[in-house]
Amino acid sequence: MILLVVAIATFGQVVLYSAAGGSMQPWAMSQGVRFYMFVAAAIMLSYVPERAWRQGALPVYAVIVVLLILVELIGAVRGGSQRWLDMGIRLQPSEFMKPAIVLACARFYDLLPAGETRKFSAIWPAALLIGVPALLILKQPDLGTALMVCAGGATVVFLSGVPLRLFVGGALALAVATPLAVNFLLHDYQRNRVLIFLDPESDPLGTGYHISQSKIAIGSGGIFGKGFLQGTQSHLDYLPEGHTDFVFATMAEEWGLVGGCLLILAFILVIRWGINVGQAANTRFARLTAAGLATTIFFYVAINLSMVMGIAPVVGIPLPLVSFGSSAQMTVMLCLGILMSIDRQNRRTVRW
């Protein structure tokens, strides 16, 4: 799995090298250095015993919620968003919430007696665990991260064995609340992004520009692509954010459908490995945690690809290990570190 992840990240650095016009600066070099630091951190996390994750899940969740409240009170503003804390280093607590919500929900259902799973008391505490940080993150504003937190938590709730009627009831309540959230919590530009994906051609030079140019880049790559360093949409600056959120479009223009399919296959193999770790686990907490973390990585990939292909709104979710930036890279490697910890525990149990 580590070799597969290294292969994905290395290919990502090649794409960033091309996006910079054939230069290691300013993206590929720093991306590579950070990646290997995170790989080392993930390997160290793999030696943390499963019981430490289980015991620390709820306290860590509480600490991150406090940090999210501090972001609202004293957070640093950057690019019009208030998402960071300056504590000697610039910290974005919402990124840590993505794996933390999985751990917290898994711990809640691990503590819940089996007989309580089919009662309403199995759903509303988890809804609070998910809803409080999601609303705090949405207020920053960060729609993409809020969606990721909701998706990761909802996955654990669904897999915990909560009756479908309760799960569907919660989903319907969320659907009813969504229009209110769109009207009162989202900024104007976020509402436009949610609506414009239905018809990006209605404003091709405005809100729909990103999606339109992304489709052009992907389509122009054809089956085998235009060739390495031969892309025009990104090199001529037609494609905005071609090294971050829309890096897949940059890649697809040069590497074509074949390159895109191979990259997706590599992610599928990583996600499948994570699901297999969960299936082999011996405790309820480990099974739910592994499944939740694997699906968190899946949501990263699925939302980003849907976004760049124009079948989902542009919500600012990068393609992990490929897009430039440390936040998504750190979160995914943290998820993989915890998965490796559970896998190590599984192997130790089998040997005994």
Side-chain angles (χ1 to χ4, degrees), residues 34 38 41 45 56-106 126-156 174 178 181-182 185-187 189-190 193-194 241 244-245 289 292-293 295-304 307 312-321 323-338:
R34 283 196 300 262
F38 289 140
L45 288 176
L58 293 176
V60 167
Y61 168 86
V63 169
I64 298 174
V65 169
V66 171
L67 291 177
L68 288 173
I69 295 172
L70 290 177
V71 168
E72 182 64 26
L73 297 176
I74 59 172
V77 178
R78 182 181 176 186
S81 299
Q82 190 171 347
R83 305 175 185 174
W84 297 268
L85 284 175
D86 282 326
M87 305 170 66
I89 59 172
R90 178 159 285 181
L91 185 68
Q92 188 175 354
S94 59
E95 282 297 323
F96 294 102
M97 184 52 74
K98 293 173 185 175
I101 191 64
V102 171
L103 290 167
C105 288
L128 284 178
L129 284 174
I130 298 167
V132 170
L135 289 174
L136 288 171
I137 294 168
L138 193 59
K139 201 172 184 306
Q140 293 181 355
D142 191 347
L143 176 60
T145 300
L147 289 174
M148 288 286 293
V149 168
C150 290
T155 298
V156 176
L174 180 62
T178 297
V182 170
L185 294 179
L186 297 188
H187 290 232
Y189 77 92
Q190 290 176 318
R193 284 181 176 180
V194 172
E241 308 298 335
T244 53
D245 293 352
T289 297
L293 295 176
T295 51
T296 294
I297 300 173
F298 165 77
F299 284 125
Y300 256 118
V301 178
I303 293 175
N304 177 269
M307 187 178 75
V314 178
V315 292
I317 296 294
L319 186 61
L321 306 176
S323 294
F324 176 75
S326 59
S327 296
Q329 198 177 57
M330 176 196 69
T331 303
V332 168
M333 295 311 297
L334 179 57
C335 291
L336 291 175
I338 300 173

Please report the shortest heavy-atom distance between [X] and [Y], naming the atom on each side.
| X | Y | value |
| --- | --- | --- |
| Gly292 | Val156 | CA-CG2, 4.1 Å |
| Ala104 | Leu58 | O-CD2, 3.8 Å |
| Ile317 | Met307 | O-CE, 3.4 Å |
| Thr289 | Ala106 | OG1-CB, 3.3 Å |
| Leu128 | Pro133 | O-CD, 4.2 Å |

Which residues share a side-chain contact (heavy atoms from CB on, under 4.5 Å) with [X], sequence neighbours left out:
| X | result |
| --- | --- |
| Val60 | Ile64 |
| Phe38 | Arg34, Ser326, Gln329, Met330, Met333 |
| Leu147 | Leu143, Val315 |

As an exercise, state the distance from [atom1] of [X] to [atom2] of [Y], rounded to the nearest 0.5 Å.
| X | Y | atom1 | atom2 | answer |
| --- | --- | --- | --- | --- |
| Ile101 | Tyr61 | CD1 | OH | 5.0 Å |
| Leu85 | Leu73 | CG | CG | 9.5 Å |
| Trp84 | Ser327 | CH2 | OG | 8.0 Å |
| Cys150 | Leu135 | SG | CG | 8.0 Å |

Met97/Leu136 under side-chain contact (heavy atoms from CB on, under 4.5 Å): CA gap, chis, key distance, verdict: CA-CA 11 Å; Met97 184 52 74; Leu136 288 171; over 6 Å; no
According to side-chain hydrogen bond (donor to acceptor under 3.5 Å, both in side chains), who are the partners of [X], at least two apart in sequence or on a separate chain?
| X | answer |
| --- | --- |
| Ser94 | Gln92 |
| Thr295 | none |
| Thr331 | Glu95 |

Any heavy-atom pair between the side chains of [Y] and [X] that's under 4.5 Å?
| X | Y | result |
| --- | --- | --- |
| Met148 | Ile303 | yes |
| Ile297 | Leu336 | yes |
| Thr244 | Pro318 | no |
| Cys105 | Ile130 | yes |
| Leu91 | Phe96 | yes |

Within the side chain of Asp142, is there an N or O that forms a donor-acceptor pair under 3.5 Å with the backbone of Ile137?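 No.
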Asn304 side chain to Asp245 main-chain N or O, any donor-acceptor pair under 3.5 Å?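 At least one qualifying donor-acceptor pair exists.
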Please report the C-alpha distance between Thr155 and Phe299 in whole Å, then the side-chain angles of each, then the deciding distance to 0.1 Å, and finally whether the side-chain contact (heavy atoms from CB on, under 4.5 Å) criterion is met. CA-CA 10 Å; Thr155 298; Phe299 284 125; 3.4 Å; yes
